[in-house]
Each structure stands twice: as C-alpha cells, then as structure tokens.
Amino acid sequence: MELSELKAKVLEIFEITEVKDLGSALMKKLDNCEKMQAFEEAVNGDLSKDWLQKIYQYHEADRKEKKQDYTPASLGKLLARLSGNGDVVMDLCAGSGALTIQKWNENHNQRFSLYELDENVIPYLLYNLTVRNIEATVVRADALKNEVYESWKIEKGEKYGKCIVIKSAV
C-alpha cells in the first residue's frame with residue numbers, strides 16, 4: 001500500500017485532517033476496539049508490518065536535530081532472529097515498535113520491555129502494541145541517564161491489548 005493511501009485511511013479512521021494530530025488521536029483511542037478493528041481492516045488484516053512507522057517516519061521524524069531514522073523490515077527480521085528465545089525481550093530504542101513487531105511475528109506470546117525517549121513516537125508505539133494484543137511494559141526514559149518520565153503496561157485482552165498508565169508525566 002502506498003504511503004498516501006495509508007495516510008488517507010488512517011486520518012479518516014481517527015477523524016483528523018493532519019498527521020501532526022495523529023499522535024494525540026492514537027492516545028485517545030488506545031481503548032477503542034472499533035478504531036482498532038477499522039485500522040486492522042484498512043491494512044487488510046496484515047499486522048505483521050509496522051504501518052504507522054511509515055507515516056511517522058515520513059511526516060513526523062526529527063531527522064535534522066535528533067537524527068531519527070527507523071529500522072528497515074529486513075534488519076528487524078534479522079535482529080528478531082538473533083535475539084533468541086528469552087522470556088522477555090528488551091529494546092532500549094523502541095521507536096514505533098518495528099523490531100518488537102518483527103519479534104512478535106515469530107511468537108505471539110512473547111513479552112516485551114520497551115524504552116523510548118521521544119514522547120512524540122510513544123503514541124504510535126502504544127497503539128501498535130494494543131492493536132496487536134502484545135504484552136509489554138513501555139517506559140519513556142533516557143536509557144543513558146537512567147531517567148524515567150512515564151510508563152505504561154499493555155495487558156493482553158481478548159482481541160486487543162489494554163493500556164494502563166503506570167507513571168504519568170509530571
């Protein structure tokens with residue numbers, strides 16, 4: 001699916017007109033099963049890819065100041081295979097969840113501990129986890145300074161995950 005078609009479908013689902021509003025729209029709909037079902041239908045049921053990453057990377061990534069660029073699917077697949085079979089997989093630069101999704105493709109019961117500094121990509125990550133029913137802890141933190149700002153837990157649900165705030169921003 002072309003980026004323009006994907007963007008149009010996602011903006012329509014979340015009833016917004018600009019990508020800059022998508023992060024807050026995603027956060028508001030983390031518990032909305034109808035929106036999750038609509039998203040799943042928009043991508044033809046293919047949750048094996050990080051569709052939201054495509055939108056974020058093209059429209060929202062801060063390439064100039066933060067040098068943000070995201071993991072290609074081929075590298076994600078390789079790292080998923082190399083990460084082994086532990087009980088919990090940790091990612092200190094989770095972004096929108098591309099690596100997590102690749103690992104989840106191998107094992108839908110895998111649990112994750114995810115860290116990300118950029119507050120703008122966190123809604124994309126949380127939505128990616130809930131729509132796939134991925135069990136995870138997400139921490140917005142500076143992993144190098146060991147500073148935690150916010151955290152969430154995604155619990156498995158019947159079809160979609162449930163996002164619970166553990167620590168909110170001050």
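The structure presented is a predicted model; accordingly, all values stated were derived computationally and were not measured. What's counted below: heavy atoms across the whole structure, side chains too, no hydrogens, waters or symmetry copies.
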Any side-chain heavy-atom pair from [X] and [Y] closer than 4.5 angstrom?
{"X": "L26", "Y": "L126", "result": "no"}
{"X": "V88", "Y": "S113", "result": "yes"}
{"X": "Y149", "Y": "L117", "result": "yes"}
{"X": "F14", "Y": "L22", "result": "yes"}
{"X": "V121", "Y": "L125", "result": "no"}
{"X": "Y160", "Y": "M36", "result": "yes"}
{"X": "Y115", "Y": "M90", "result": "yes"}

Could you walk me through whether K156 and N109 pass the side-chain contact (heavy atoms from CB on, under 4.5 Å) test, one step at a time? CA-CA 9 Å; K156 279 195 173 253; N109 293 312; 3.9 Å; yes
Between [X] and [Y], is there shared hydrophobic-cluster membership here, with clusters defined by ILVMFWY side-chain heavy atoms closer than 4.5 Å?
{"X": "I164", "Y": "W152", "result": "no"}
{"X": "V165", "Y": "Y124", "result": "yes"}
{"X": "V19", "Y": "M1", "result": "yes"}
{"X": "V10", "Y": "M27", "result": "yes"}
{"X": "L3", "Y": "I16", "result": "yes"}

Donor-acceptor contacts, no H, no angles, side chain residues 133-141, under 3.5 Å, sequence neighbours left out:
{"from": "N133", "atom 1": "OD1", "to": "G157", "atom 2": "N", "distance (Å)": "2.7"}
{"from": "N133", "atom 1": "OD1", "to": "G161", "atom 2": "N", "distance (Å)": "3.2"}
{"from": "N133", "atom 1": "ND2", "to": "G157", "atom 2": "O", "distance (Å)": "2.9"}
{"from": "R140", "atom 1": "NE", "to": "E150", "atom 2": "OE2", "distance (Å)": "2.8"}

Over 12 non-hydrogen atoms of neighbours within 6.0 angstrom of [atom1] in [X]:
{"X": "K153", "atom1": "NZ", "value": "no"}
{"X": "K162", "atom1": "NZ", "value": "no"}
{"X": "E147", "atom1": "CD", "value": "yes"}

Give the minimum heavy-atom separation between [X] and [Y], together with the two atoms involved.
{"X": "G23", "Y": "P123", "answer": "O-CB, 3.2 Å"}
{"X": "G86", "Y": "Q110", "answer": "O-NE2, 3.1 Å"}
{"X": "N128", "Y": "S96", "answer": "ND2-O, 2.7 Å"}
{"X": "A42", "Y": "I13", "answer": "CB-CD1, 3.7 Å"}
{"X": "A94", "Y": "L114", "answer": "CB-CB, 3.8 Å"}

ring-ring contact (aromatic ring centres under 6.0 Å, His included) filter on F39, not counting sequence neighbours, yields Y127
D118-Y56 side chain donor-acceptor pair, cut-off 3.5 Å: yes
For S48, give me all partners under side chain to side chain donor-acceptor pair (under 3.5 Å), at least two apart in sequence or on another chain. D46
Residues that K9 engages under side chain to side chain donor-acceptor pair (under 3.5 Å), provided they are two or more places apart: E5
D142 backbone acceptor or donor facing E116 side chain under 3.5 Å: no
Kindly say whether L6 contributes a backbone atom to a donor-acceptor pair with the side chain of K54 at under 3.5 angstrom? no
Mind checking the CZ-CG spacing from F112 to D87? Nearest 0.5 Å is all I need. 12.0 Å
Any chance you could measure I154, atom CD1, to L129, atom CG, to the nearest 0.5 Å? 5.5 Å
Kindly state each residue pair satisfying salt bridge (Lys or Arg N to Asp or Glu O under 4.0 Å) with at least one member in residues 95-112, sequence neighbours excluded. K103-E106
Show the numbers, then the answer: is there a salt bridge (Lys or Arg N to Asp or Glu O under 4.0 Å) between E40 and K159? CA-CA 12 Å; E40 195 172 349; K159 181 168 183 178; 3.6 Å; yes
How would you list all residue pairs meeting side chain to side chain donor-acceptor pair (under 3.5 Å) that involve residues 12-33, not counting sequence neighbours? E15-K35
